[in-house]
Number of protein chains: 4
Amino acid sequence: MSKRDQILATTLELVSELGFHATSVSLIIKKSGVAAGTIYHHFKNKEDLIDTLYSELKKEMGNAIVKNIDTQLNYKEKFFLIWENLFTFYLDNPKKFDFLEDYANSPFVRKEIKEINQRHYQAAIDFIISGIEMGILRNFPMDFLINLIFGNVSTLVRMILMEEIQLSDELLENAIQSSWDSVKIN
Amino acid sequence: MSKRDQILATTLELVSELGFHATSVSLIIKKSGVAAGTIYHHFKNKEDLIDTLYSELKKEMGNAIVKNIDTQLNYKEKFFLIWENLFTFYLDNPKKFDFLEDYANSPFVRKEIKEINQRHYQAAIDFIISGIEMGILRNFPMDFLINLIFGNVSTLVRMILMEEIQLSDELLENAIQSSWDSVKIN
Amino acid sequence: MSKRDQILATTLELVSELGFHATSVSLIIKKSGVAAGTIYHHFKNKEDLIDTLYSELKKEMGNAIVKNIDTQLNYKEKFFLIWENLFTFYLDNPKKFDFLEDYANSPFVRKEIKEINQRHYQAAIDFIISGIEMGILRNFPMDFLINLIFGNVSTLVRMILMEEIQLSDELLENAIQSSWDSVKIN
Amino acid sequence: MSKRDQILATTLELVSELGFHATSVSLIIKKSGVAAGTIYHHFKNKEDLIDTLYSELKKEMGNAIVKNIDTQLNYKEKFFLIWENLFTFYLDNPKKFDFLEDYANSPFVRKEIKEINQRHYQAAIDFIISGIEMGILRNFPMDFLINLIFGNVSTLVRMILMEEIQLSDELLENAIQSSWDSVKIN
DNA sequence: GATGAATGAGACTTCATTCAT
DNA sequence: TATGAATGAAGTCTCATTCAT
C-alpha cells in the first residue's frame, strides 16, 4: 500500500469515526504513520485530500450502482435493482457511507466539486431522465428525483447503521416499493 | 434585545452562513458585539450555546407544524397541511433551516440532545402513529416514517434555497402528493 | 511593563540580533514570556507587530532629529546639528538602528507603510525643501537628497557598530562636512 | 543551459522578485524545473547556492567597473568613469542589483564571504587607496570611502528602479559630481 | 451582568534536506 | 547526473475558555 493510499484510507477511517470537523491533519499523520510533509507532497492541502477521497468514493459508488443491470429487465425492475445496489454498497461500506454523507451535507464544500463528480453516476442520471421521458416517472426536475431517491436510500441506511431500525428482506422490499411509489406515475 | 438574545441571533446567523465547523466563539464575539466573558456568563460553554439554540428552534418548528390543524379534516388532508406547515416554516426561516439541518447532520452532536427535543414535535409523532394504527400508513417503524417525510421536505426546501429548482404551486402540490404516495397504503 | 510593551521590546531585541528572517513568532513567545495568543490579541499578525514597532521607532527617531534646533542658527549649522542628532540617536540606540535599517532594506515591506511614517520626520523634510528653495542645496528631488544624507549617516553608524571604523570627534566632523559638501551648492 | 545554470538563474530571478526571505528551495525547484536532489548535487546546501551566486555576480560587477578605463585619464575623470560603470551595470542588470543589495544588507550573511569577494573589485579599492595617498581624496579609512561612494550609486539606482526619480543625463552628471564633492579634498 | 486581556494546546502548512533509484 | 518521494522540525495563527475587574 503506497503512502498515498495509506493517507486516503486513514482519512476515510477518521472522517467516518469523528466527522470532518474533528479530523485534523495531525490525527491523520499519527494514525497513518506518514510524515507531515508526505501529505503535502501528495495533496495540495487538506481540502484537496478530502476532495480527492470524495471523488474516488463517488466513482466507486457510481460503479456499484449500475452493477449487474440486465438490459432485458423492465423499468421498474431496473429501478429496484439500482436502488438495492446503492443500498448494498452503503451497507457493505459503512465508512464510505459516513464520509459521503458528511461531505454531501457540509456547507463548506464547494458546489463545483460536487458537480464535477456527478459524471461518476451519469448512468443513473440517464436512467432517471429516460423514466421521465417515457412517462413512467413523475415530471419533476431530474435533480429533484435523484435527491428524493438517494435521500430515501440514505435514510434507511443511516437508521440501520445507527441501529435505530432492524433490516429484514420485507423491510427492504417495502422501503424500495415506498420509494418507487413516490416517484412513479399513478 | 438582551445580550443573551444577541448571542443566540448571531450564532444562528453565523452557523447558517458558515456552518458549525467555521463558526468560532471569537467570530460570535466579534459579530455580536459582546465580550468573551459574557458568553460564558449565559452559557456553560460553546456546546451549551449551540444546544440551547437548537432546542429553541426545534420548539419553534414544532409549534409551526401543528398550526391551524382543523380536527374536522380527514387524515390525508391533515397530512398535506402538516407537510406544508413544515415546508413553509423552513422556507420563511432559511437560516433556521440551515442550522437545524447542519445540526441534524453533525456526527458530533449528542444523540441524547436530539431525543430530548423530540418532545417539541410530539404532536406530529402522535399523528404518524395514529396513521399506522388506523392502517392508513405503511407499517414501518414510526421513526422511519418520520425520517422519510421530514427528509422529503428538507430535500425540496434545500433545492429551492440553493436555487436548484423553482417553486410553484403545482410543484409543491405534487411534491406533497409524492411524499404521501410513499407512505400511504395502496 | 505591559504585555504589549514586552512583546515590542523583545521583538526589537530579536530583530536586531537575528534579523527579520530569523525572528520567528515562537522565538518572541519564548523570550518575552507571553502566550502565543497574547501576541495575536494585541497585533493582527506578525506583520502588524513589525509595522507597529517600525512606526513607533520612526516616531522616536523623528523626535530625536529635531531636538535642540535653535532657530537662530544658520542653515549649515542646522544641517550639522540635525545630522549629528540622527547619528547620535542611532549610536545610542544600536538595536533600533539595526531594526530600522533591516526594515528599510526589506523588499517585502510595503511601500505604503514607509510612506505613512514619513510624517514622523516631516520637519526634516521641510528643512531640506527650504534648503533647495533658498538655493543652498543642490536642485535634486527632495527624496534623493534625503536618501543621500540618511544613507551617509547610516554608512558611518553601521561601520562604527561593526567596529570597522573607530569614532573620533575629527572623523565625525569630517563625515558631516563630507555629507554637506555633497549636497550644498558650490 | 545546464541544470546548474538553470538553478542559478532561477535563484537570481526569485531573490530579485521576492527577496531572500521568501525564496525557498521548493520555489527554486518548481520554477527551475529541476528535481530537489539536483540542487544538492550541484551545491552543498542552500547557503552554498546563494554564496556561489553572490560570488559570480560580484565578479561580474568587478569586471564591469573597470571596463574601458583609459590610463591616460586624470584621477577625477577616472572616478567619474568608474562611478558611471557601476551605475550602468546596476541599471542594465536590475535583478543582479536587487540580489547584491539584498545580500549585502542581510544580517545573516557571513562577513567572511563578503571579504573573500572583495578581491573581485580590488582594482577599485586600489584606485581609492591611491587617491587617498595622492591627497586627492579625503583622508578617511578606505572602507568608509568605498561604502560612501557605492552607497551613493545604490541610492540613485534604487530610486530609478522604483520609479521614485527620473533619470536624465543632467541628473546623472550632478549625482556623480555630488559624490565626488563628498570625497575629494577642497 | 458585563468586560477583555491572557492563556497554551493544537490547527494547517512549509521548510531545507536525504536517499534509493 | 538526475530524479522525486519522504522526512519531521518549525513556521504562523486560531481555538475555546478563564478570571480579575
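Proteins get letters first, then strands, A, B, ... in listed order; numbering begins at 1 in each.
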Rounded distance (Å) that lies between atom [atom2] of [N] and atom [atom1] of [X]:
{"X": "C:Ile28", "N": "E:dG8", "atom1": "CD1", "atom2": "C1'", "answer": "17 Å"}
{"X": "C:Met1", "N": "E:dA6", "atom1": "CE", "atom2": "P", "answer": "13 Å"}
{"X": "D:His41", "N": "E:dA16", "atom1": "NE2", "atom2": "P", "answer": "21 Å"}
{"X": "B:Asn45", "N": "F:dC15", "atom1": "CG", "atom2": "C1'", "answer": "14 Å"}
{"X": "B:Asp48", "N": "F:dA16", "atom1": "CG", "atom2": "C1'", "answer": "14 Å"}

Of the options [options], whose atoms approach the side-chain atoms of [X] most closely?
{"X": "B:Ala35", "options": "F:dT14, E:dT13, E:dG4", "result": "E:dG4"}
{"X": "B:Val25", "options": "F:dG4, E:dT7, F:dT17", "result": "F:dT17"}
{"X": "D:Ala36", "options": "F:dG4, E:dT7, F:dT18", "result": "F:dG4"}

Ignoring backbone atoms, establish whether [X] has a side-chain N or O less than 4.0 Å from OP1 or OP2 of [N].
{"X": "A:Lys3", "N": "F:dA6", "value": "no"}
{"X": "C:His42", "N": "E:dG4", "value": "no"}
{"X": "D:Thr38", "N": "F:dT1", "value": "no"}
{"X": "D:Ser24", "N": "E:dC15", "value": "yes"}
{"X": "C:Tyr40", "N": "F:dT14", "value": "no"}

Q) Given that D:Gly37 and C:Ala22 both sit by DNA chain F, which one's nearest nucleotide is further toward the 5' end? A)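 The residue mapped nearer the 5' terminus is D:Gly37.
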
Q) Taking the nucleotide of DNA chain F with the closest heavy atom to each, which residue, B:Lys44 or C:Lys46, is nearer the 5' end? A)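 Result of the comparison: C:Lys46.
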
Q: Report the residue (B:Ile39 or C:Ile39) whose heavy-atom-nearest nucleotide on DNA chain E is the more 5′ of the two.
A: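 The answer here is B:Ile39.
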
**Q.** Any side-chain heavy-atom pair of B:Ser32 and B:Lys3 under 4.5 Å
**A.**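 A side-chain contact is absent here, since even the closest heavy-atom pair is not under 4.5 Å.
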
Q.
Classify C:Ser26 by what it touches in the nucleic acid, base, sugar-phosphate, or nothing, heavy-atom distance under 4.0 Å.
A.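 Base contact.
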
Q: Could you let me know what F:dA20 is paired to, Watson-Crick or G-U wobble, both distances under 3.5 Å, or none if it's on its own?
A: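 Partner of F:dA20: E:dT3.
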
Determine whether a donor-acceptor pair (N or O, by modelled atom type, separation under 3.5 Å) exists between the side chain of [X] and the backbone of [Y].
{"X": "D:Thr52", "Y": "D:Asp48", "value": "yes"}
{"X": "B:Thr10", "Y": "B:Gln6", "value": "yes"}
{"X": "D:Asn93", "Y": "D:Phe89", "value": "yes"}

(Q) As an exercise, state the distance from OH of C:Tyr103 to NZ of C:Lys114, rounded to the nearest 0.5 Å. (A)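 These two atoms lie 7.5 Å from each other.
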
